[in-house]
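Worksheet: one structure, shown below.
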Amino acid sequence: MELWSEISKDQKKFLNFLLGNSGSSWNSGGQQSSFKSSINDNEGSSWKSGSGDFGLRGGKRGELLCAVSSKWSGGRGSRGRGGYRTSFNSGFFFFPQEGNGDGVTAGPKVVYVPPPPPEEESSVFAHYETGINFDKYDDILVDVSGSNSPKAIMTFEEAGLCESLSRNVTKSGYVKPTPVQKHGIPIISAGRDLMACAQTGSGKTAAFLLPILQQLMSDGVAASKFSEVQEPEAIIVAPTRELINQIYLEARKFAYGTCVRPVVVYGGINTGYTIREVLKGCNVLCGTPGRLLDIIGRGKVGLSKLRYLVLDEADRMLDMGFEPDMRKLVSSPGMPAKEERQTLMFSATYPEDIQRLAADFLKTDYLFLAVGVVGGACSDVEQHIIQVDQYSKREQLLELLKTTGTERTMVFVETKRSADFIATFLCQEKVPTTSIHGDREQREREKALGDFRSGQCPVLVATSVAARGLDIEHVQHVVNFDMPSSIDEYVHRIGRTGRCGNTGRAVSFFNPESDTPLARSLVKVLAGAQQEVPSWLEEIAFSAHGTTGFNPYGKVFASTDTRKGGSFQKEPPQPAVQNTSAAADDEEWE
DNA sequence: TCTCGAT
């Protein structure tokens, strides 16, 4: 009831609209008088009565599975301007339970309840079933460039891991190293800087965690007791909260029962809590850029002992959005110069300009490791492109989801607003849907991911917050409801499915009105992955080229070392989705 | 446009 009283008229109106209550409409804005309020300011009871109409599925009574942003857009509201309203922050989509009001959190101050302590061995090693088909890895070609690269290892024994570490590796279900690990582990152990090009899910997290942890342990590093400043030996950064948490969970597994303590920090959760966790002792600090810079700036984290700096999804970390933060990080007081530390970068895509930029962070003799997935693994993703116009997308999506049934499907959209919009729409159509994007509260984001992972909500509507790195088992379908603006992003998105031995399908809605700039590189990617290229798409690709002569999105991703002279001297192994062959040279189109 | 600190 208290919850109810915090909701403004606009929000009630919106809710009534969603509930299908008569007389309600949601596009009017500013026409308060014509709105016949069926939800009364003083009555909370009408919540329950209407809830059944809103696509409630499964779960406990009173729990709304459809989830939309808690910072929702009020459209052109009565204040005469649109945009996001940030004043209202509580998740008003949580319906009160009957009986006591426990579990209902209202108001902007939501206290994040962290997961149970890591000491429980069963919870540390609880992992989702890995669909890894190890035999397939033998077909993967690998290219290392740079001088004096160390010899690859063939087994985990050769990695020279200490007893507790190798025990944890076994317990985590790792049997033999993947190609990134075979090459990456000795490179990192040898103290070299590394730029590695490999798809997430190919084992790259372990590839950098294991040698780092091994080195720290053999040096006898141990987490210090609680102190006012912590000086971690390694810092790992990633572009999204969920991704860095995934990396942290891996680190926690490998470091289990050792003296090395990994800690994760990111925004959206109580700052005091994060700082206390860090101050308890911290050797490997995992974080998103914002919160990381925050606690460094507060003097809670010193950098004088730092030896390893890892950038996951490095191309993203160095693009427009994050580059300033990364420069700030490496120029933070106490940060060892690049010659004094070891810098490691990982990503599935490396645009050439980003590679050149990355040189600012790496020693000049860094090694470049390219792992190409040969045919099998990646042609496991069937790619379909469907021509649509803006207004038929929703219906087409609905049709499509009827064929996918309860199989897990990720639907990518371009904006946070449309993520909410589509999620709400699907819920109304009785499709159990959840959503994830940057305007949702962290607790909601994690619940959404959890519900999707568990299959409770087989459909996840997401912005590109979920495009990279997230390792979710059994995602059978990816739908690009909106085409991404770059081909790299397309590759990352469809990479959420068909992971390691599983098959997947990616369906993309191509709207010639808006997506034409992508046509050319899309055709190349499709052809490269031996997928059928629709003739209409080919035509668009050709004519787009003819008219403009310059394609702003023609920037292509590369898995080739730019130091090789800028041109691609070597034909990439087998055209695969994330390989360059499809996008390598423009000449064929000239 | 998206991601990323709270205030």
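Sequence lines set the chain letters: A, B, ... in the order given, protein chains first and strands last, and positions in each chain run from 1. Predicted, not measured: the structure shown is a model, and the values here were computed from it.
With A:Y366 as reference, A:D193 is the one residue of A:T343, A:L194, A:D193, A:L344 to meet the side chain to side chain contact (heavy atoms under 4.5 Å, CB included) rule.
Counting only heavy atoms from C-beta on, A:T415 has its side chain closest to B:dC2 among B:dT3, B:dC2, B:dC4. Taking only side-chain atoms of A:Y266, from C-beta outward, the nucleotide of B:dG5, B:dT1, B:dT3 with the closest atom is B:dG5. In the set B:dG5, B:dT3, B:dT1, B:dT3 carries the atom at the smallest distance from any side-chain atom of A:T240. Nearest to the side chain of A:T463, among B:dC2, B:dA6, B:dC4, sits B:dC2. Listed candidates were B:dT1, B:dG5, B:dT3. Nearest to the side chain of A:R445 is B:dT3.
The separation between A:H437 atom NE2 and B:dC4 atom C1' is 16 Å, rounded to whole Å. When rounded to the nearest whole Å, the span between CG of A:L318 and P of B:dC2 equals 22 Å. Separating the NZ atom of A:K416 from the P atom of B:dT3 is a distance of 5 Å, rounded to the nearest angstrom. Remark: P of B:dC4 and CD1 of A:I436 are 9 Å apart, rounded to the nearest angstrom. Here the C1' atom of nucleotide B:dC2 and the CG atom of A:D420 are 15 Å apart, to the nearest Å. Note: CZ (A:R316) to C1' (B:dT3) measures 5 Å, nearest angstrom. Nucleotide B:dC4 holds its C1' atom 13 Å from the CG atom of A:L329, rounded to whole Å. The CD-C1' distance, from A:Q442 to B:dA6, rounds to 14 Å in whole Å.
Smallest separation of non-hydrogen atoms from A:N511 and A:D389: OD1-CA, 4.3 Å.
Side-chain N/O atoms of A:S464 include none lying less than 4.0 angstrom from OP1 or OP2 on B:dT1. A close approach under 4.0 Å does occur between a side-chain nitrogen or oxygen of A:T288 and OP1 or OP2 of B:dG5.
With a 6.0 Å radius and a threshold of 12 heavy atoms from other residues, nucleotides or ligands, A:F226 has its CZ atom above the threshold.
Taking the charged nitrogens against the carboxylate oxygens, A:K447 and A:E441 have no contact shorter than 4.0 Å, which rules out a salt bridge.
Side-chain polar atoms of A:S347 and A:D315 form a donor-acceptor pair below 3.5 angstrom.
No contact: A:R493 has no heavy atom under 4.0 Å from any strand. At the heavy-atom level, A:R241 lies under 4.0 Å from the strands shown only through sugar-phosphate atoms.
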